[in-house]
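Numbers here are sequence positions counted from 1. No hydrogens, no waters, no symmetry mates; every other heavy atom, side chains included, goes into these values.
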Amino acid sequence: MNINKQLFVSKSEAETENFAEKLARETVPGSVILLEGDLGAGKTVFARGFARGLGIKDTLSSPTYTIVQEYQLPENKTTGGRNGFLYHLDLYRINDEVSALGFGVDEFLSDPASIALVEWPERIRGILPETALKIKIRHVSDERREIEII
């Protein structure tokens with residue numbers, strides 16, 4: 001994935017979703033996207049737009065209680081004839097790498113046909129791929145967010 005570092009200031013949920021949608025169109029299977037930000041920063045809003053940009057029609061829901069939600073990628077995003085998925089992981093309830101490995105997070109992070117979108121990645125920093133794209137979302141005001149691609 002060849003995405004340059006940048007800072008985007010969003011003035012609404014719709015702008016956040018649109019930014020994420022454009023980013024998703026440039027994202028290839030095998031990518032891992034890390035979403036960092038405090039509670040309420042807009043990570044799940046970003047994820048909704050990202051899923052839409054991949055062509056996923058399903059309503060994206062926060063996987064806070066299930067830890068991971070899987071959404072099948074459309075045919076134009078599949079590789080090698082293998083169906084891929086968007087894995088939307090929310091690791092808020094995970095304590096550390098050992099807990100994450102216990103439910104198989106390594107399989108989601110290393111699937112070459114799929115894309116992993118990870119909320120709260122700092123909980124498993126030690127097992128994240130070095131090639132992961134980091135996105136920080138900062139809550140500036142009720143509607144404004146700074147979205148930084150690092």
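For Glu107, the CD atom counts as loosely surrounded, since its 6.0 Å shell holds 12 or fewer non-hydrogen atoms of other residues, nucleotides or ligands.
For the pair Leu109 and Val118, the minimum side-chain heavy-atom distance is below 4.5 Å. Under the 4.5 Å side-chain criterion, counting only non-hydrogen atoms from C-beta, Arg52 is in contact with Asn18. Side-chain atoms of Leu91 and Ile67, non-hydrogen and from C-beta on, do get closer than 4.5 Å to each other. Counting only heavy atoms from C-beta outward, the side chains of Leu89 and Phe103 approach each other to under 4.5 Å.
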- Message: Does Lys22 form a salt bridge (charged side-chain N to carboxylate O under 4.0 Å, His left out) with Glu26? I'd like the steps, not just the answer.
- Response: CA-CA 7 Å; Lys22 290 175 188 168; Glu26 300 177 35; over 6 Å; no
- Ile124/Glu97 under side-chain contact (heavy atoms from CB on, under 4.5 Å): CA gap, chis, key distance, verdict: CA-CA 5 Å; Ile124 61 165; Glu97 289 94 353; 4.2 Å; yes
- Query: Should Leu73 and Asn83 be marked as a side-chain contact (heavy atoms from CB on, under 4.5 Å) after you check the CA-CA gap, both sets of side-chain angles, and the distance that decides it?
  - Reply: CA-CA 7 Å; Leu73 294 175; Asn83 287 337; over 6 Å; no
- Task: Determine, stepwise, if the pair Glu13 / Thr16 fulfils side-chain contact (heavy atoms from CB on, under 4.5 Å).
- Result: CA-CA 5 Å; Glu13 284 191 9; Thr16 297; 5.5 Å; no
- Task: Please lay out, stage by stage, how Leu60 and Gln69 fare under the test side-chain contact (heavy atoms from CB on, under 4.5 Å).
- Result: CA-CA 8 Å; Leu60 189 107; Gln69 296 282 355; over 6 Å; no
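Tyr71 pairs by the ring pair (Phe, Tyr, Trp, His ring centres under 6.0 Å) definition with nothing, not counting sequence neighbours.
To the nearest 0.5 Å, atoms CD (Gln72) and CG (Leu86) are separated by 11.5 Å.
Looking at Arg145, its side chain does come within 3.5 Å of a backbone N or O of Ala41 through a donor-acceptor pair.
Ring pair Phe108/Tyr87 is perpendicular by interplanar angle, where above 60° counts as perpendicular and below 30° as parallel.
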